[in-house]
**Student:** 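Below you will find the structure I want to go over with you.
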Amino acid sequence: MAYWLVKSEPFKYAWDKMVADKRTHWDGVRNYQASNNLKAMKIGDRCFFYHSNEGLAIVGIVEVVKEYYPDDSDPAGRFGMVDVAAVAPMPNPVTLAQIKGDPRFAELGLVRQSRLSVSGVSDEAWAQICELGGYKG
DNA sequence: GCCAACGTTGGC
DNA sequence: GCCAACGTTGGC
């Protein structure tokens, strides 16, 4: 199983909405690197749900329930999307400040490439962030 | 609201 | 195929 981090701006699609919907299309990605990460996702992979712009924290965990397929909101047909389902909230949201302040996370995509909206998370980083957030998987 | 980082576009 | 200009993202 692989781990990922996906970003959403709360005023566009917040964690609360994710929970209310239970399941959603993760569409709108218009960046090849992010899109390649979506392509690499397999059913059962888990992702941190991160609030960008406002909140600046990992607030929950979602699971991939449908693998990459065309995003029909992309007129050029170049990009795709996956479906994800809400798994659990992060009991204590892990903030960007915490992550940036911890040398263990220096290699994390979120830190290294802040603009990338879908990035990979190593097994170690996943476990460490879950621990910080008080999430017992 | 500003600015840095970075991806994309388009001229050559 | 290079590179400058431009647009977008996202942290501060």
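Each chain gets a letter, A, B and so on, in the order the sequences are listed, and its residues count up from 1.
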**Student:** Can you give me the first and the last nucleotide of DNA chain C (5' to 3') that has an atom within less than 4.0 angstrom of a non-hydrogen atom in chain A?
**Tutor:**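 On DNA chain C, the outermost contacted nucleotides are dG7(C) to dC12(C).
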**Student:** Going by ring-ring contact (aromatic ring centres under 6.0 Å, His included), name the residues that satisfy it together with Phe79(A), two or more places apart in sequence or in a different chain.
**Tutor:**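 Phe79(A) satisfies ring-ring contact (aromatic ring centres under 6.0 Å, His included) with Tyr32(A) only.
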**Student:** Would you say Leu5(A) and Met1(A) are hydrophobically clustered, going by side-chain heavy atoms of ILVMFWY under 4.5 Å?
**Tutor:**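 Same hydrophobic cluster.
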**Student:** Under the salt bridge (charged side-chain N to carboxylate O under 4.0 Å, His left out) definition, can you give me all pairs with a residue in residues 36-58 of chain A, not counting sequence neighbours?
**Tutor:**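 Sorted result for residues 36-58 of chain A: Arg46(A)-Glu63(A).
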**Student:** Could you grab the distance from atom NE2 of His51(A) to atom OG1 of Thr95(A), nearest 0.5 Å is fine?
**Tutor:**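 Rounded to the nearest 0.5 Å, the NE2-OG1 separation comes to 14.0 Å.
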**Student:** Please work out which residues in residues 94-117 of chain A have a non-hydrogen atom less than 4.0 Å from an atom of DNA chain C and list them by number.
**Tutor:**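 Of all residues in residues 94-117 of chain A, the ones placing a heavy atom under 4.0 Å from DNA chain C are Leu96(A), Lys100(A), Ser114(A), Arg115(A).
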**Student:** With sequence neighbours excluded, what pairs up with Arg115(A) under the salt bridge (Lys or Arg N to Asp or Glu O under 4.0 Å) test?
**Tutor:**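 In terms of salt bridge (Lys or Arg N to Asp or Glu O under 4.0 Å), with neighbours along the sequence ignored, Arg115(A) is linked to no residue.
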**Student:** Could you grab the distance from atom OH of Tyr3(A) to atom SG of Cys130(A), nearest 0.5 Å is fine?
**Tutor:**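 Tyr3(A) OH to Cys130(A) SG: 7.5 Å, rounded to 0.5 Å.
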**Student:** Toss me the dot-bracket line for DNA chain C: Watson-Crick and G-U wobble, both under 3.5 Å, 5' to 3', using | for pairs to another strand and [ ] for crossers.
**Tutor:** ||||||||||||
**Student:** Would you compute the distance between atom OH of Tyr135(A) and atom CZ of Phe48(A) and round it to the nearest 0.5 angstrom?
**Tutor:**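 One gets 9.5 Å once the value is rounded to the nearest 0.5 Å.
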**Student:** Side-chain heavy atoms under 4.5 angstrom apart, residues restricted to Ile, Leu, Val, Met, Phe, Trp, Tyr: same cluster for Trp126(A) and Val64(A)?
**Tutor:**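 Not linked; separate clusters.
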**Student:** Measure the shortest side-chain to side-chain distance between Lys17(A) and Ser8(A) over non-hydrogen atoms and say whether it is less than 4.5 angstrom.
**Tutor:**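 Side-chain contact under 4.5 Å: no.
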**Student:** When clusters are formed by joining ILVMFWY residues with side-chain heavy atoms under 4.5 Å apart, either directly or through shared neighbours, do Tyr50(A) and Tyr13(A) land in the same one?
**Tutor:**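 Tyr50(A) does not cluster with Tyr13(A).
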